Colleague: 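Handing you this structure, nothing more for now.
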Amino acid sequence: MLKLINQNLRIIFIGTPEFAAIILEKLIKSGYFPIAVVTGPDKPSGRKQILVPSPVKVLAEKNKIPIFQPEKIINLKSEIKNLDPDLIILAAYGQIIPKDILDIPRYGALNIHPSLLPKYRGPSPIQTTILNGDSKTGVTIILMDEKIDHGPILGQKKIIINKIDSVELTKILAELGGDLLIEILPKYLKGEIKPKPQNHSQATYTKFIKKEDGRINWQKSAEEIERMIRAYYPWPSVFTKIKNKILKIFKVKILKINHKKEPGTVFLTEKKELAVACGQDALVLEEVQFEGKKRITAQEFINGYPWIINFILK
RNA sequence: CGCGGGGUAGAGAAGUGGCAUCUCGCCGGGCUCAUAAUCCGGAGAUCGCAGGUUCGAAUCCUGCCCCCGCAA
């Protein structure tokens, strides 16, 4: 059921990961068929350094939409101009778009951002939401300007979350963002929506996540570490070190316990579960992976590495 | 040729040239009011695949397959 009006609109979609792909799919399904897609270059991935296309590229290929993958988007300026777009829709692209390009489309450029702006501007809003243990989050669609996640708001949707990991939250917010986009797009194009400037004094910013951010500091409380595990799944994933080797930790349970152990001490609970003392309370480990090994359950880990009991993780 | 670790019983691990081991699980039995308790007994492995060296290979050499850590 494609509406003609949608087909006449010249949209360029810009985005790279799964989050963007989900939104692109909703656009297409609703009849907003982009005339071109801009996405990140194929990246070498895996042990064999095989080049893999971005989720957005895969979806665009399937729908036979022309694809651009510039190293730097500024190099694409003249091509974009030639496409004569009415609108740019951007979600999680990975590069800052210069004003020169934002100014090209008649209706400007929209950005779908997975947080309640002006809170959590920047590259890792989803992880930061989980890390901080927020119970409320959402998506915001803004009209882009030259500053990052700074433009006026066209629409916003809130949701309540409980214990959830980054993968799940990304998916939920992408769906939500896609729906919101479809909802506001016709109104915006008809000029029925007044962009509302953000309250810049309340703005907060998120950082790029680095591999090392996934390292556990056992001085922290069990609650904080548990949130970290959900936030950093599947990347960079959370780890600790044993004898200079990495132990990845995938699943844990918080154990409320008054212990006098040094944080990082491995011990067995009354139920014979593998647990680690934290700065406050403790964590029961459920699924781990030792460097060079497969992902295994904690029980298997104890059987295979009995010396781990009373070992102190640093 | 990006760097590195690994493949041994259902699971997890020891074992660097000389009898195939350990923990858990599983099966049978004992003890117990009871058990994620404990005791006795048992089954289960062509040591990833193929070739080579050797009196003798899980172990050394060659090739192949598969898995994983780093690396975005």
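Just so it is clear, the values below take in all heavy atoms, side chains as well, and ignore hydrogens, waters and symmetry mates. Worth saying up front: this structure is predicted, and the values here are computed from it rather than measured. Quick note on labels: first sequence line is chain A, next is B, and so on, each numbered from 1.
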Colleague: Between P on B:rC70 and NZ on A:Lys210, what's the gap in Å once rounded to a whole number?
Modeller: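 So the two atoms are 17 Å apart, to the nearest Å.
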Colleague: Please report the distance, rounded to the nearest Å, between CG in A:Leu268 and P in B:rC24.
Modeller: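 Value for this atom pair: 12 Å.
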Colleague: For B:rG29 versus B:rA43, give the span between their C1' atoms, rounded off to a whole number of Å.
Modeller: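 Roughly 14 Å separates the two C1' atoms.
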Colleague: Base, sugar-phosphate, or nothing for A:Lys294, non-hydrogen atoms under 4.0 angstrom?
Modeller: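 Since only primed, P, OP1 and OP2 atoms lie under 4.0 Å of A:Lys294, the category is sugar-phosphate.
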Colleague: Using whole Å, report how far CD1 of A:Ile296 lies from C1' of B:rG6.
Modeller: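 One finds 13 Å between C1' of B:rG6 and CD1 of A:Ile296, rounded.
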Colleague: Tell me: CD of A:Glu270 to P of B:rU35, nearest whole Å?
Modeller: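 That distance rounds to 19 Å.
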Colleague: I'd like to know whether A:Thr16 forms a side-chain hydrogen bond (donor to acceptor under 3.5 Å, both in side chains) with A:Ser54, so could you lay out the CA-CA distance, the side-chain angles of the two residues, the decisive distance to 0.1 Å, and finally the verdict.
Modeller: CA-CA 6 Å; A:Thr16 304; A:Ser54 74; 5.4 Å; no
Colleague: What's the gap between B:rC68 and B:rG25 when it is taken at their P atoms, as a whole Å value?
Modeller: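 Per the computed distance, 28 Å lies between those P atoms.
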Colleague: Taking the minimum atom-to-atom distance to the side chain of A:Lys211, which one of B:rA71, B:rA36, B:rG69 wins?
Modeller: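 Of the candidates, B:rA71 comes closest.
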Colleague: For B:rC49, give its Watson-Crick or G-U wobble partner with both distances under 3.5 Å, or none.
Modeller: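 Its partner is B:rG63.
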Colleague: Distance between the P atoms of B:rC19 and B:rC26, in whole angstroms?
Modeller: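 Straight-line distance between the two P atoms is 32 Å.
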Colleague: Between atom CD of A:Gln219 and atom CD of A:Glu262, what is the distance when rounded to the nearest 0.5 Å?
Modeller: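 Spacing of CD (A:Gln219) from CD (A:Glu262) equals 7.5 Å.
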Colleague: Rounded to whole Å, how long is the line connecting atom CG of A:Leu247 with atom C1' of B:rG12?
Modeller: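 Distance check: A:Leu247 CG to B:rG12 C1' gives 14 Å.
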Colleague: What's the CG-P distance between A:Asn303 and B:rA13, to the nearest Å?
Modeller: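 A:Asn303 atom CG is separated from B:rA13 atom P by 10 Å.
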Colleague: So which nucleotide does B:rC24 pair with, by the Watson-Crick or G-U wobble rule with both distances under 3.5 Å?
Modeller: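 WC or wobble partner is B:rG10.
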Colleague: May I ask you to check whether over 12 heavy atoms, not counting those of A:Lys251, lie within 6.0 Å of atom NZ?
Modeller: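 Counting other residues, nucleotides and ligands, NZ of A:Lys251 stays at 12 neighbours or fewer.
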Colleague: Between the protein and nucleotides 1-5 of chain B, which nitrogen or oxygen pairs come in under 3.5 angstrom?
Modeller:
unit_1	atom_1	unit_2	atom_2	d
B:rG2	N7	A:Arg47	O	3.4
B:rG2	O6	A:Arg47	O	3.0
B:rG5	N2	A:Gly292	O	3.3

Colleague: What integer number of Å spans the C1' atoms of B:rC3 and B:rG48?
Modeller: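 It comes out at 24 Å once rounded to the nearest Å.
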Colleague: In terms of ring plane angle, is the pair A:His259 and A:Phe267 parallel, tilted or perpendicular, where the classes change at 30° and 60°?
Modeller: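 A:His259 vs A:Phe267 ring planes: tilted.
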Colleague: Could you check which nucleotide pairs with B:rA58 in any of the strands shown, counting Watson-Crick or G-U wobble with both distances under 3.5 Å?
Modeller: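 Because no pair has both required distances under 3.5 Å, B:rA58 counts as unpaired.
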Colleague: In whole Å, measure the gap between the C1' atoms of B:rC67 and B:rC24 for me.
Modeller: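 That atom pair is separated by 22 Å.
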Colleague: Counting any heavy atom closer than 4.0 Å, what does A:Phe301 reach on the DNA or RNA strands: base, sugar-phosphate only, or nothing?
Modeller: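 Here A:Phe301 touches no strand at all.
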Colleague: With rounding to the closest Å, how many angstrom separate the P atoms on B:rG17 and B:rA57?
Modeller: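 It comes out at 14 Å once rounded to the nearest Å.
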Colleague: To the nearest 0.5 Å, what is the distance between CG (A:Asn111) and CD1 (A:Ile153)?
Modeller: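 That separation rounds to 11.5 Å.
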Colleague: Judged by each residue's nearest nucleotide on RNA chain B, which is more toward the 5′ side, A:Pro44 or A:Tyr305?
Modeller: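 On the 5' side of the pair lies A:Tyr305.
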Colleague: Taking the cut-offs as 6.0 angstrom to the six-membered ring centre and 45 degrees off its axis, would you call A:Arg295 and A:Phe250 a cation-pi pair?
Modeller: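 Yes, A:Arg295 sits over the ring of A:Phe250.
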Colleague: Taking only the P atom of each, what is the distance from B:rA45 to B:rG10 in whole angstrom?
Modeller: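 It comes out at 7 Å once rounded to the nearest Å.
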Colleague: On RNA chain B, nearest-nucleotide positions of A:Lys272 versus A:Lys43: which is more 5'?
Modeller: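 Upstream on the strand: A:Lys272.
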Colleague: Using purine N1 to pyrimidine N3 plus N6-O4 or O6-N4 for Watson-Crick, or N1-O2 and O6-N3 for G-U wobble, both under 3.5 Å, which nucleotide pairs with B:rU38?
Modeller: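 Pairing partner: B:rG30.
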Colleague: Provide, to the nearest angstrom, the distance between the CD atom belonging to A:Gln299 and the C1' atom belonging to B:rG10.
Modeller: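 That distance rounds to 15 Å.
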Colleague: Answer yes or no: are there more than 12 heavy-atom neighbours, outside A:Lys157 itself, under 6.0 Å from its atom NZ?
Modeller: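 Count over threshold, so yes.
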Colleague: Taking the same atom, P, in B:rG51 and in B:rC70, what whole-Å distance lies between them?
Modeller: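 Between the two P atoms, the distance is 36 Å.
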Colleague: Any donor-acceptor pair under 3.5 Å linking the side-chain atoms of A:Tyr120 with those of A:Asn132?
Modeller: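 A:Tyr120 and A:Asn132 do have a side-chain donor-acceptor pair below 3.5 Å.
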Colleague: With a 3.5 Å cut-off and no angle check, do the side chains of A:Gln127 and A:Ser166 form a donor-acceptor pair?
Modeller: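 A:Gln127 vs A:Ser166: no donor-acceptor pair found between side chains.
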Colleague: How would you label the contact of A:Gln289 with the nucleic acid (heavy atoms, under 4.0 Å): base, sugar-phosphate, or nothing?
Modeller: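 Sugar-phosphate, no base atom in range.
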Colleague: Distance check needed: B:rC70 P versus A:Lys241 NZ, whole Å only.
Modeller: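 My rounded result for the distance is 10 Å.
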